[in-house]
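Each residue takes its place number in the sequence, starting with 1.
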Amino acid sequence: MSTVLKRAYLLAVVVLGLVNAVGVVDPDVMFALCLALTLPCSLFTAGVLFYGVAPLLAFLGVPSAAAQFVVDFGYAAVGGFLNVLLVRALLRAGAAVPRKCLPARAAR
């Protein structure tokens with residue numbers, strides 16, 4: 001993944017997270033948009049944020065509006081960041097595969 005593409009994707013998910021957190025667009029639309037743009041990691045981050053981070057922030061006495069902002073922003077931004085890490089790990093794992101194991105090389 002090129003650096004420019006990675007930075008553009010991260011900027012896009014941060015902006016998406018801010019739009020989601022501010023509440024400019026309908027929450028149902030934003031949920032579907034955030035889910036679609038940050039799959040597969042958004043499936044993991046949603047549960048952690050809604051069932052882990054949000055109750056922890058409430059327990060620590062953080063105002064509910066601030067906690068909601070953190071959860072809504074984190075849903076897109078953290079999911080996008082984890083996607084970049086996932087792609088990087090997959091690319092490194094693919095680079096570590098010996099050339100003789102690749103199907104295109106074996107067919108020649």
Asks: Measuring only between side-chain heavy atoms, which start at C-beta, is Val87 closer than 4.5 Å to Asn83?
Replies: no
Asks: Should Val14 and Phe73 be marked as a side chain to side chain contact (heavy atoms under 4.5 Å, CB included) after you check the CA-CA gap, both sets of side-chain angles, and the distance that decides it?
Replies: CA-CA 8 Å; Val14 166; Phe73 173 73; 4.1 Å; yes
Asks: Of all the heavy-atom pairs spanning Cys41 and Leu86, show the shortest one and how long it is.
Replies: SG-CD2, 4.3 Å
Asks: Please tell me whether Leu18 and Val70 are part of a single hydrophobic cluster in this structure, the criterion being side-chain heavy atoms less than 4.5 Å apart.
Replies: no
Asks: Ignoring hydrogens, what is the shortest heavy-atom contact between Cys34 and Ala76? Give both atom names and the distance.
Replies: SG-CB, 3.8 Å
Asks: Are Leu43 and Leu35 side-chain neighbours, meaning at least one heavy-atom pair lies under 4.5 Å?
Replies: yes
Asks: Passes side chain to side chain contact (heavy atoms under 4.5 Å, CB included), Leu11 versus Arg7? Steps please.
Replies: CA-CA 6 Å; Leu11 179 64; Arg7 287 181 181 167; over 6 Å; no
Asks: How are the rings of Phe31 and Tyr75 set to each other: parallel, tilted or perpendicular (split at 30° and 60°)?
Replies: parallel
Asks: Determine whether Leu57 and Tyr51 fall in the same hydrophobic cluster, where Ile, Leu, Val, Met, Phe, Trp and Tyr are linked whenever their side-chain heavy atoms lie under 4.5 Å apart.
Replies: yes
Asks: Is it true that atom CZ of Phe50 has more than 12 heavy atoms of other residues, nucleotides or ligands lying nearer than 6.0 Å?
Replies: yes
Asks: State plainly whether one hydrophobic cluster holds both Phe44 and Tyr9, where clusters connect Ile, Leu, Val, Met, Phe, Trp and Tyr through side-chain heavy atoms under 4.5 angstrom apart.
Replies: yes
Asks: I'd like to know if Val71 and Val15 are part of one continuous hydrophobic network [Ile/Leu/Val/Met/Phe/Trp/Tyr, side-chain heavy atoms within less than 4.5 Å].
Replies: no
Asks: Can you tell me how far the OG1 atom of Thr45 sits from the CG atom of Leu82, to the nearest 0.5 Å?
Replies: 6.5 Å
Asks: How long is the span from the CG atom in Leu16 to the CG atom in Asp72, to the nearest 0.5 Å?
Replies: 11.0 Å
Asks: Determine, using the 4.5 Å side-chain heavy-atom cutoff (strictly less than), whether Val84 and Val4 are members of one ILVMFWY cluster.
Replies: no
Asks: How long is the gap from CG on Leu33 to CG on Asp26, to the nearest 0.5 Å?
Replies: 11.5 Å
Asks: Could you tell me whether Phe81 atom CZ has more than 12 heavy atoms of other residues or ligands within 6.0 Å of it?
Replies: no
Asks: Ignoring hydrogens and angles, tell me if any N or O in the side chain of Asn20 forms a donor-acceptor pair with the backbone of Met30 under 3.5 Å.
Replies: no
